[in-house]
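For reference, the structure is listed below as structure tokens.
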2 protein chains.
Amino acid sequence: MTSTSPTLREQSERLLHRLAESGARLTPTRAAVLRALTSRSDGFTVEELCGDVRPVGRATVFRTVRLLLQKGLVCKLAMGDATPRYALSRSGHHHHAVCVRCGAVDDFRGCDLDDLVQRVAAAAESEVLGHRLEVYVVCAQCRRNDASGSAPSTHHAKHQKFRAIE
Amino acid sequence: MTSTSPTLREQSERLLHRLAESGARLTPTRAAVLRALTSRSDGFTVEELCGDVRPVGRATVFRTVRLLLQKGLVCKLAMGDATPRYALSRSGHHHHAVCVRCGAVDDFRGCDLDDLVQRVAAAAESEVLGHRLEVYVVCAQCRRNDASGSAPSTHHAKHQKFRAIE
DNA sequence: AACGGAATGATACCGAGTCTCAGTAACCAG
DNA sequence: CTGGTTACTGAGACTCGGTATCATTCCGTT
Ligand SMILES: [Mn+2]
Ligand SMILES: [Mn+2]
Ligand SMILES: [Zn+2]
Ligand SMILES: [Zn+2]
């Protein structure tokens, strides 16, 4: 009912605490980055984040994102050739569907992928260390925009914002 | 039986022709790059290629690889954070298992992945444009090297050449 | 309050990849 | 073979995402 969604604030608080628990210091700068982060939960580049937390130095934003990545609190999306994007990490092993128009990220899991991966590895007598699956899509929202033929509002993207597909 | 393996020469010839057919000009430089390419079929960075074809300019090597990529003659491997690697493309849709020790690339295909991908997309009402799956492994060869011990440098600290896994 | 290590930010730097532009060389008429 | 059109080449400047340096600040503990 209030202006800003309380869940966002809560979410960044939680992340902040998880950082603190893991030995990192609890600074205003990090709080700011985390707040910006959570309000952009749909996927973002570091450069975009920099814009959101303006007085904070670029290097620091990069460092913070790296830290969050190491702690497993954000996911990195390879995005083919385009600049990498990041998204808040739901916990556990999962994969991503990324909209190449607007950058929205959708997590998914619970796939038979591990079986497949193991079969492949067995065939080659190699040991699996990990795998990565990314699905490139046009999201429901962007499809609707396409269909209605009108100019997208806050939803940028004329056509194909990210060159995620080779 | 001559000195150089005939298959490699044949292979680069074939690629050269496929380029010509698609309207590209047939130049000594490209022939050189393709020869280097085929003798490195296990995966390579552009920089490595540059070393192999030394008098050829760096920009040209990049351009050539880009061209081959567009024509679908080579595959690009994202490799997480490490610099992207390329490999000769077997035709058709497939995925890659990459050894994080030596960079060897193993193609595979014929997976139920498309079903999975479609299911995911349907759930989100989005349209699938494509997907990418990469499996990171220690290949059979590298495992043997590990096992045969006599590790001169004593580290079981598994020395990972590529930071492909986050 | 004081200390020590961690965090910050300005800036220099790095490395992959692209662009520019002038010169060169395939290819295709004629 | 010859000449013209156009693609290709290469040196080098440039872009841009990301990191290293280092002096300064400041968190957290004692
Ligand atoms: Mn995620
Ligand atoms: Mn391939
Ligand atoms: Zn979208
Ligand atoms: Zn290997």
Side-chain angles (χ1 to χ4, degrees), chain A residues 15-37 43-71 73-74 76-86 103 161-164 166, chain B residues 15-36 43-71 74 76-86 103 161-164 166:
Chain A
L15 290 174
L16 208 51
H17 276 124
R18 290 184 60 181
L19 267 189
E21 285 164 18
S22 75
R25 285 192 183 168
L26 191 46
T27 73
T29 302
R30 282 179 177 163
V33 172
L34 285 179
R35 247 175 288 119
L37 237 245
F44 52 88
T45 66
V46 178
E47 221 63 49
E48 285 167 0
L49 256 198
C50 285
D52 290 356
V53 290
R54 192 94 67 223
V56 175
R58 214 172 73 99
T60 299
V61 177
F62 272 100
R63 281 189 284 239
T64 305
V65 171
R66 201 198 333 174
L67 177 67
L68 294 172
L69 207 51
Q70 286 162 356
K71 303 296 184 189
L73 303 184
V74 301
K76 179 177 186 177
L77 310 171
M79 298 303 297
D81 274 345
T83 85
R85 299 183 75 79
Y86 300 82
K161 185 172 176 193
F162 311 115
R163 168 127 288 115
E166 57 260 56
Chain B
L15 290 174
L16 207 51
H17 275 123
R18 290 183 62 180
L19 268 190
E21 284 163 18
S22 76
R25 284 188 186 173
L26 192 47
T27 73
T29 301
R30 284 179 176 165
V33 172
L34 285 179
R35 247 176 287 121
F44 52 89
T45 66
V46 178
E47 222 61 50
E48 285 167 0
L49 256 199
C50 284
D52 289 356
V53 291
R54 191 96 63 220
V56 175
R58 216 173 73 97
T60 299
V61 177
F62 272 99
R63 281 189 285 240
T64 306
V65 171
R66 202 202 322 169
L67 178 66
L68 294 173
L69 208 50
Q70 285 161 356
K71 303 295 182 186
V74 301
K76 179 177 184 176
L77 310 170
M79 299 303 298
D81 275 343
T83 85
R85 301 184 73 79
Y86 300 82
K161 185 170 175 192
F162 310 114
R163 168 131 289 113
E166 56 261 57

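Chain identifiers are assigned alphabetically (A, B, ...) following the order of the sequence lines, protein sequences preceding nucleic acid strands; residue numbering begins at 1 within each chain.
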Check your understanding: Over how many whole Å does the gap from B/E48 atom CD to C/dA16 atom P extend?
Key -> 11 Å

Check your understanding: C/dT11, C/dC27, D/dG10: which one has an atom nearest the side-chain heavy atoms of B/R25?
Key -> C/dC27

Check your understanding: Can a donor-acceptor pair under 3.5 Å be found between the side-chain atoms of B/R58 and the base atoms of C/dG17?
Key -> yes

Practice item. Apply side chain to side chain contact (heavy atoms under 4.5 Å, CB included) to B/D52 and B/V33, showing your working. Key: CA-CA 8 Å; B/D52 289 356; B/V33 172; over 6 Å; no

Point to revise | Spacing between A/L68 atom CG and C/dA7 atom C1', to the nearest angstrom | key: 14 Å

Practice item. Specify the separation, in whole Å, of atom CG of B/L67 and atom C1' of D/dC8. Key: 11 Å

Check your understanding: Given side chains that start at C-beta, do those of B/F62 and B/E47 come closer than 4.5 Å, heavy atoms only?
Key -> yes

Practice item. Between D/dC8, D/dG18, C/dA16, spot the one nearest the side chain of A/F62, thanks. Key: D/dG18

**Study point:** Euclidean distance, A/L67 CG relative to A/L19 CG, rounded to 0.5 Å
**Key:** 5.0 Å

Point to revise | d(CZ, B/R85; P, C/dG15) in whole Å | key: 17 Å

Exercise for review: Would you tell me if any nitrogen or oxygen in the side chain of B/T27 comes within less than 4.0 Å of OP1 or OP2 on D/dC8?
Suggested key: no

Point to revise | Side chain of B/P84 - closest among D/dT5, C/dT8, C/dG17 | key: C/dG17

Point to revise | Stepwise side chain to side chain contact (heavy atoms under 4.5 Å, CB included) check, B/V56 with B/L49 | key: CA-CA 10 Å; B/V56 175; B/L49 256 199; over 6 Å; no

Study note, to complete from the structure: Winner on side-chain proximity to A/A59, out of C/dA7, D/dG17, C/dA10, is C/dA10

Study note, to complete from the structure: Among C/dA7, D/dT9, D/dG18, the one nearest any side-chain atom of B/T60 is D/dT9

Check your understanding: Just how far, in rounded Å, is P of C/dG17 from CZ of B/R66?
Key -> 11 Å

Review point. Starting at the 5' end of DNA chain C and moving along, which residue's nearest nucleotide shows up first, B/A24 or A/V61?
Key: A/V61

Exercise for review: Whole angstrom is fine here: how far is it from CD in A/Q70 over to P in D/dG18?
Suggested key: 14 Å

Practice item. Ignoring the backbone of B/R63, work out which of D/dT9, D/dG18, C/dT8 is nearest its side chain. Key: D/dT9

Review point. Got a donor-acceptor contact below 3.5 angstrom from the B/R85 side chain to the B/L77 backbone?
Key: no

Point to revise | Rounded interatomic separation in angstrom, taking CG from A/L26 and C1' from C/dT8 | key: 15 Å

Exercise for review: Find the distance A/R30:CZ to D/dG28:P and express it as a whole number of Å.
Suggested key: 10 Å

Practice item. Would you tell me if any nitrogen or oxygen in the side chain of A/T29 comes within less than 4.0 Å of OP1 or OP2 on C/dA7? Key: no

